[in-house]
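Reviewing the structure listed below.
The figures that follow rest on heavy atoms only: side chains count, while hydrogens, waters and symmetry mates do not.
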Amino acid sequence: MSRALVTGAAGFIGSHLCDALLARGDDVLGVDCFTDNYSPARKRANLIDALAAGLEFRRLDLSCDPLDPVLKGIDVVYHLAGQPGVRSSWGDDFNAYARRNLLATQRLLEATLRAAGPRFVFASSSSVYGNTGDQPAQESDRPAPLSPYGLTKAACEELVAVYRRVHGLSAVSLRYFTAYGPRQRPEMAFASFIRAVLSSRALHVLGDGHQTRDFTYVTDAVAATIAAAELGAEPVYNISGGTSSTLLGAITQIEQLTEQSALISFSPSARGDAYRTSADLTAAERDLGYGPKVSLREGLALQIHAAKSEPVELAEAVA
Ligand code: NAD
């Protein structure tokens, strides 16, 4: 049994990671400061299963609170806390990205170093690549982010690499490609599409809908994250669902699964959104034994089922 620290434990992916670590018998300390990128009530609800399964939780802001106490006795740090989202990273909101991504990661790396020993796993993003063109992105490709968010993730990866190179920190960064599933952040495409279809409202597609994403079901991302803590030898791995779909293709599947038609309104594409994302998974397959287990159709069915059983007050708590 090992003792894990999960940052961003109340978030979408972090809460699923806590559930998986607890299910396999790990001792888990989760931290989160319930930032306002979406409803804190949702984040509290995300923690319910993990708390029932024995999660120890502390409310703490990585960008300013003392961190040494939470690193005591930790074997693995899973650093998932951060300010996600491409579209809101322009303009004055960049302050939150600088603080919650760059500063928070730097402070956590310093504390991890002082704790001398823990493995460090960092949640990076496919947004470091920008457009991947016709080829699946390989980890060795030169990062070319299209948004300030992507830039902060690329910079955090570099920061992790500096601590690895100079201080010998045992660390790995994972480039997640668009995760989805129950508890997905409410502003993300599938969550908002499913909400709209279930309540017979128009759903908003930014761009022409033909943009493609390599969607990753959340439990696949979590399995890869735990495997990377144990087996990852490279500094960086792509983690994706392994098959791409257009947004319109995914909407058709949502219509079939809900047996309801979608009313679609189109708006201009958002600044910083890549047109195509696609991952080369060779390194993750080879080193982590990774293989996505959940198809897009199965994953969407699970997310729709969870959305249908969500309490009304949470379904409305999208801000
Ligand atoms: P999320 O917003 O649901 O979770 C992030 C959590 O971090 C939130 O609960 C927030 O309150 C917490 N947090 C932020 N700043 C903090 C700080 N300073 N101190 C303590 N807690 C803080 O986001 P998510 O979708 O679960 O993403 C998790 C991580 O994975 C993020 O780092 C994100 O950038 C990365 N990522 C996500 C995706 C995706 O598709 N969801 C894709 C690529 C990368």
Side-chain angles (χ1 to χ4, degrees), residues 13 16-17 78-80 82 84 86 119-147 149-161 164-165 170-181 184 188-190 207 210-247 249-250 253 272-300:
I13 307 176
H16 282 280
L17 175 61
Y78 294 96
H79 178 35
L80 275 70
V86 163
R119 171 93 164 134
F120 193 94
V121 182
F122 171 62
S124 185
S125 166
S126 59
S127 298
V128 305
Y129 288 118
N131 282 313
T132 55
D134 290 335
Q135 300 301 321
Q138 295 185 326
E139 290 85 347
S140 55
D141 292 351
R142 191 164 186 273
L146 297 172
S147 65
Y149 164 68
L151 174 119
T152 62
K153 284 294 182 181
C156 287
E157 272 189 21
E158 281 302 311
L159 208 49
V160 172
R164 184 180 155 117
R165 200 178 303 129
S170 171
V172 61
S173 293
L174 303 176
R175 292 178 181 161
Y176 296 142
F177 283 65
T178 319
Y180 73 100
Q184 191 187 39
M188 290 184 76
F190 289 176
H210 292 288
Q211 60 270 49
T212 59
R213 292 283 175 275
D214 198 338
F215 293 105
T216 316
Y217 191 68
V218 64
T219 54
D220 282 331
V222 161
T225 305
I226 297 172
E230 291 169 352
L231 303 168
E234 299 291 338
V236 179
Y237 291 94
N238 287 337
I239 304 299
S240 84
T243 48
S244 292
S245 164
T246 63
L247 276 192
Q253 298 208 38
D273 261 352
Y275 196 70
R276 180 187 159 89
T277 70
S278 163
D280 182 319
L281 291 175
T282 309
E285 286 163 0
R286 181 196 62 219
D287 293 358
L288 313 181
Y290 174 67
K293 299 226 174 347
V294 182
S295 71
L296 182 59
R297 196 170 186 83
E298 290 165 333
L300 281 172

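Minimum interatomic distance between G150 and P145 (heavy atoms only, all atoms of both residues): C-CB, 3.6 Å. Heavy-atom minimum distance, Y149 versus S127: CE2-OG, 3.5 Å. Closest of all the heavy-atom pairs between A229 and Y78 is CB-OH, 3.4 Å. Between R119 and A228, the closest heavy-atom pair is NH2-O, 2.9 Å. Between N131 and R276 the shortest heavy-atom distance is OD1-N, 3.4 Å. Among all heavy-atom pairs drawn from V294 and G299, the shortest one is CG1-N, 3.6 Å.
The shortest distance between side-chain heavy atoms of R213 and D273 falls below 4.5 Å. The shortest distance between side-chain heavy atoms of D287 and L231 does not fall below 4.5 Å. Residues P292 and T216 form no side-chain contact, since every pair of their non-hydrogen atoms from C-beta on lies 4.5 Å or further apart.
The pair R175-E157 meets the salt-bridge criterion, since a charged nitrogen lies less than 4.0 angstrom from a carboxylate oxygen.
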Steps toward side-chain contact (heavy atoms from CB on, under 4.5 Å) verdict (K293, T219): CA-CA 9 Å; K293 299 226 174 347; T219 54; over 6 Å; no
Show, in sequence, the C-alpha distance, side-chain angles and deciding distance for D280 and T282, and conclude whether the side chain to side chain donor-acceptor pair (under 3.5 Å) test is met. CA-CA 6 Å; D280 182 319; T282 309; 2.5 Å; yes
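No donor-acceptor pair under 3.5 Å is formed between the side chain of Q211 and the backbone N or O of L247. Looking only at distances, no side-chain donor or acceptor of D141 sits under 3.5 Å from a matching main-chain atom of Y129. Judged by distance alone, the side chain of E285 and the main-chain N or O of G291 form no donor-acceptor pair under 3.5 Å.
In this structure, OG on S240 lies 4.0 Å from CG on L281, to the nearest 0.5 angstrom. A distance of 8.5 Å separates CZ of R164 from OG of S173, quoted to the nearest 0.5 Å. From Y237, atom OH reaches atom OG1 of T225 across 13.0 Å, with rounding to the nearest 0.5 Å. Considering CG of L174 and CG of L80, their distance stands at 8.5 Å, rounded to 0.5 Å. Rounding to the nearest 0.5 Å gives a distance of 12.0 Å between OG of S126 and OH of Y176. If you take CG on L288 and CD1 on I226, they are separated by 12.0 Å, rounding to the nearest 0.5 Å.
Relative ring orientation between Y180 and F190 is described as perpendicular, the plane-to-plane angle rising above 60° on a 0-90° scale split at 30° and 60°.
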